[in-house]
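Encoded as structure tokens, the structure appears first; notes follow it.
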Amino acid sequence: MSGRNSVVAVIVAVLICGLVGLGCRGEQLVAVEPDVPSLPGPSAASAAAAVVTVGNPDAPVKLMAFYPLNEGHQFIADYVQEFAEAHSEHVYLEVIDFRTSEGMVVWQDTGLSCAGVLVNGTTVHEIKRDGEIETVNFIKRLGVNWTEEDFETVVNQLLAEAGVAVEAAAGETDDAPQEEE
């Protein structure tokens, strides 16, 4: 039985390396429909797979970042971790290396087909910037497919919707008239 488990582990590792090597080329993820509308906190599987957890599990914004934690992707995990640490009262983060067997199971359960960050259960969000509505998708690489500004704008919008006072992200405008003091 031990030999069989080793063979399965090797096959899983080869599949993961192949996925990472391909870089999820050509796939477009339009939306993720999670089984649960929002992620209530760490599950036993995600806790076992999580490399990093930061913040309050009862926070109004829950982040799950799925990346291979290697030289080419570590900067993304570092960014979301630093962000969550700076907002730990209102943001909860799990960083999951989907190259691990536990991480692969949690990643597959999300419906993602590539690396990405789920923000309250989905990668797709609408943001209002300069009076226009834009759709952003937190899949693949930070700095190529989405920006820090996109991410911070979405999180700030969700916090504001939850009644948490936040500062406007760069590029975000308030279209409401300002009262003079």
Side-chain angles (χ1 to χ4, degrees), residues 5-25 27 29 32-125 136-156 158-159:
N5 288 341
S6 296
V7 169
V8 170
V10 168
I11 291 171
V12 168
V14 168
L15 289 173
I16 292 171
C17 290
L19 177 65
V20 171
L22 289 174
C24 306
R25 291 183 195 151
E27 294 188 27
L29 182 63
V32 173
E33 295 295 330
D35 294 335
V36 181
S38 66
L39 303 170
S43 67
S46 66
V51 174
V52 174
T53 58
V54 174
N56 173 7
D58 296 322
V61 175
K62 293 177 180 51
L63 310 171
M64 293 182 81
F66 293 92
Y67 286 92
L69 298 181
N70 56 26
E71 187 176 323
H73 297 89
Q74 185 64 48
F75 77 98
I76 304 167
D78 292 344
Y79 166 70
V80 293
Q81 181 179 347
E82 289 169 13
F83 181 87
E85 287 170 350
H87 302 86
S88 62
E89 184 177 341
H90 304 294
V91 174
Y92 178 75
L93 166 68
E94 293 182 28
V95 176
I96 299 172
D97 186 342
F98 62 64
R99 295 176 305 168
T100 66
S101 56
E102 297 92 352
M104 166 91 37
V105 169
V106 177
W107 175 73
Q108 288 174 329
D109 287 346
T110 67
L112 288 172
S113 61
C114 195
V117 180
L118 295 173
V119 180
N120 283 0
T122 184
T123 61
V124 179
H125 294 270
V136 295
N137 196 344
F138 301 119
I139 59 167
K140 303 182 184 177
R141 292 185 71 80
L142 166 64
V144 175
N145 299 90
W146 53 280
T147 67
E148 291 176 8
E149 180 183 333
D150 295 338
F151 180 78
E152 292 171 21
T153 299
V154 166
V155 172
N156 286 338
L158 292 170
L159 289 173

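Numbering starts at 1 and runs along the sequence shown.
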| message | Show the nearest heavy-atom pair for residues I139 and N145, with the distance to one decimal. | response | O-CB, 3.4 Å
| query | Could you go step by step and tell me if H73 and F66 meet the side-chain contact (heavy atoms from CB on, under 4.5 Å) rule? | reply | CA-CA 10 Å; H73 297 89; F66 293 92; over 6 Å; no
| task | In sequence, state the C-alpha distance, the side-chain angles, and the governing distance for L112 and F98, and then conclude on side-chain contact (heavy atoms from CB on, under 4.5 Å). | result | CA-CA 11 Å; L112 288 172; F98 62 64; over 6 Å; no
| Side chain to side chain, Y92 and T53, heavy atoms closer than 4.5 Å | yes
| remark: All heavy atoms of E89 vs all of N56, minimum pair found to be O-ND2, 3.4 Å
| note | Output for pair (K140 NZ, I76 CD1), nearest 0.5 Å, gives 12.5 Å
| Atom CG in D97, atom CZ in R99: separation rounded to 0.5 Å? | 4.0 Å
| request: Please work out which of the three classes, parallel, tilted or perpendicular, describes the rings of Y79 and W146, given edges at 30° and 60°. | output: tilted
| message | Are the side chains of F75 and L142 in contact, using a 4.5 Å heavy-atom criterion? | response | yes
| N/O donor-acceptor pair under 3.5 Å between D150 side chain and T147 backbone | yes
| said: Can you confirm whether H125 sits close enough to V119 that some side-chain heavy atom of one is under 4.5 Å from a side-chain heavy atom of the other? | reply: yes
| field | Least distance between heavy atoms, A65 atom then V80 atom | value | CB-CG2, 4.0 Å
| remark: Heavy-atom nearest pair, V136 first then V154, reads CG2-CG2, 3.8 Å
| request: Would you mind reporting whether P60 and L158 have side-chain heavy atoms less than 4.5 Å apart? | output: no
| message | Using modelled atom types and a 3.5 Å cut-off, is there a donor and acceptor pairing between side-chain atoms of W107 and backbone atoms of C114? | response | yes
| message | A side-chain contact here means heavy atoms from C-beta on lying under 4.5 Å apart; do M64 and V106 qualify? | response | yes
| query | Does the side-chain contact (heavy atoms from CB on, under 4.5 Å) test come out yes or no for F83 and L93, once each step is laid out? | reply | CA-CA 9 Å; F83 181 87; L93 166 68; over 6 Å; no
| field | Side-chain heavy-atom pair F151, L63 within 4.5 angstrom cut-off | value | yes
| said: Is it the case that the side chains of N156 and T153 hold a donor-acceptor pair, with the cut-off being a distance below 3.5 Å and no angle test? | reply: no
| Listed by chain and number, what are the side chain to side chain contact (heavy atoms under 4.5 Å, CB included) partners of V52, not counting sequence neighbours? | V54, Q81, V95
